[in-house]
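Data block below; observations after.
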Amino acid sequence: QVQLVESGGGLVQAEGSLRLSCTASGRTFSNYAMGWFRQAPGKEREFVAAINWSRANIYYADSVRGRFTISRDNAKNTVYLQMNSVKPEDTAVYYCAAKIVPYLSDYYSLSGNYDYWGQGTQVTVSA
């Protein structure tokens, strides 16, 4: 069983920055591929970013590419999402997800591809 705990959400002004963290339980975090998703009110959960175990493969949604950066520290069992130049449309609950294999498949953007989820952290961007 893997437990994921997100933190770092909050209220931020447009064009500001925020860093989300997700810490995983277990001793094999380095074997997990990780992803970030978000869900705005009334909308479906959508892919934000994903990273494989070695950081060699990183993917972003078009809507965040160039503004958000996903990274991981395997020694700390933590994956991060650095959010820069945020926009009001980035407002959502952000979830981290773990897939219990090291590599990302071609389906990295699909929520059903992941095995474990955190409880989510709210990010609100004011105009």
Side-chain angles (χ1 to χ4, degrees):
Q1 190 76 3
V2 176
Q3 290 188 325
L4 305 174
V5 179
E6 301 100 333
S7 61
L11 176 64
V12 60
Q13 290 188 332
E15 296 304 316
S17 297
L18 207 60
R19 188 176 81 157
L20 306 183
S21 300
C22 171
T23 301
S25 64
R27 295 174 292 179
T28 57
F29 176 76
S30 60
N31 289 343
Y32 306 155
M34 301 295 296
W36 284 98
F37 288 74
R38 66 187 182 185
Q39 188 166 18
K43 295 187 177 181
E44 294 186 354
R45 190 170 298 189
E46 65 174 5
F47 169 75
V48 175
I51 186 169
N52 78 334
W53 72 279
S54 67
R55 313 174 192 84
N57 297 106
I58 292 175
Y59 303 97
Y60 295 99
D62 289 343
S63 58
V64 307
R65 187 176 292 112
R67 300 187 298 121
F68 292 9
T69 302
I70 188 172
S71 61
R72 65 189 295 162
D73 185 336
N74 289 338
K76 296 182 178 179
N77 283 12
T78 301
V79 62
Y80 304 97
L81 185 69
Q82 178 67 44
M83 306 168 62
N84 297 330
S85 301
V86 296
K87 305 175 181 180
E89 50 263 44
D90 294 323
T91 294
V93 177
Y94 283 72
Y95 299 90
C96 73
K99 182 171 177 62
I100 52 174
V101 293
Y103 300 99
L104 294 168
S105 72
D106 291 342
Y107 306 102
Y108 60 84
S109 66
L110 301 181
S111 59
N113 192 43
Y114 294 82
D115 302 300
Y116 295 97
W117 292 83
Q119 82 288 350
T121 186
Q122 176 71 47
V123 172
T124 302
V125 182
S126 62

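Note that the structure is a prediction, hence the values are computed from the model and not measured. All heavy atoms count here, side chains included; hydrogens, waters and symmetry mates do not.
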Can you name the residues that form a side chain to side chain donor-acceptor pair (under 3.5 Å) with T121, not counting sequence neighbours? none
Identify, with sequence neighbours excluded, every residue that meets side chain to side chain donor-acceptor pair (under 3.5 Å) alongside D106. none
All pairs passing salt bridge (Lys or Arg N to Asp or Glu O under 4.0 Å) where residues 40-58 contributes a residue, at least two apart: R38-E46
Any residue meeting side chain to side chain contact (heavy atoms under 4.5 Å, CB included) with A56, in chain and number order, not counting sequence neighbours: N52, S54
So, using side chain to side chain donor-acceptor pair (under 3.5 Å) as the criterion, who are the partners of S17 when residues are at least two apart? N84
Within residues 63-96 or reaching into it, pairs that qualify as ring-ring contact (aromatic ring centres under 6.0 Å, His included) - sequence neighbours excluded: none
Q122: side chain to side chain contact (heavy atoms under 4.5 Å, CB included) partners, not counting sequence neighbours: T91, V93, T124
What residues join W53 in its hydrophobic cluster, counting side-chain heavy atom gaps under 4.5 Å, either direct or through other members? Y103
Which pairs of donor and acceptor atoms, one on a side chain in residues 3-12, lie under 3.5 Å apart (sequence neighbours left out)?
from : atom 1 : to   : atom 2 : distance (Å)
E6   : OE1    : Q119 : N      : 3.0
E6   : OE1    : Q119 : NE2    : 3.4
E6   : OE1    : G120 : N      : 2.8
E6   : OE2    : C96  : N      : 2.9
E6   : OE2    : G120 : N      : 3.3

Please report the closest heavy-atom contact between A33 and P102, naming both atoms and the distance. CB-O, 3.8 Å
What's the shortest heavy-atom distance between M34 and V79, and which atoms? CE-CG1, 3.8 Å
Any ring-ring contact (aromatic ring centres under 6.0 Å, His included) involving residues 105-127? Give me the pairs, sequence neighbours left out, ordered by first then second residue. F37-Y114, F37-W117, F47-Y108, Y59-Y108
Same hydrophobic cluster for I70 and L104, using side-chain heavy-atom links shorter than 4.5 Å among ILVMFWY? no
So which atom in S105 and which in N113 form the shortest heavy-atom distance, rounded to 0.1 Å? OG-ND2, 3.4 Å
Between V48 and V64, which heavy-atom pair has the shortest distance, and what is it? O-CG2, 3.5 Å
Sort and list the pairs that fulfil salt bridge (Lys or Arg N to Asp or Glu O under 4.0 Å) and have at least one residue in residues 58-75, not counting sequence neighbours. D62-R65, R67-D90
Does any non-hydrogen side-chain atom of L18 lie less than 4.5 Å from one of V123? yes
How long is the straight-line distance from CD1 of I51 back to CD1 of I58, given to the nearest 0.5 Å? 4.0 Å
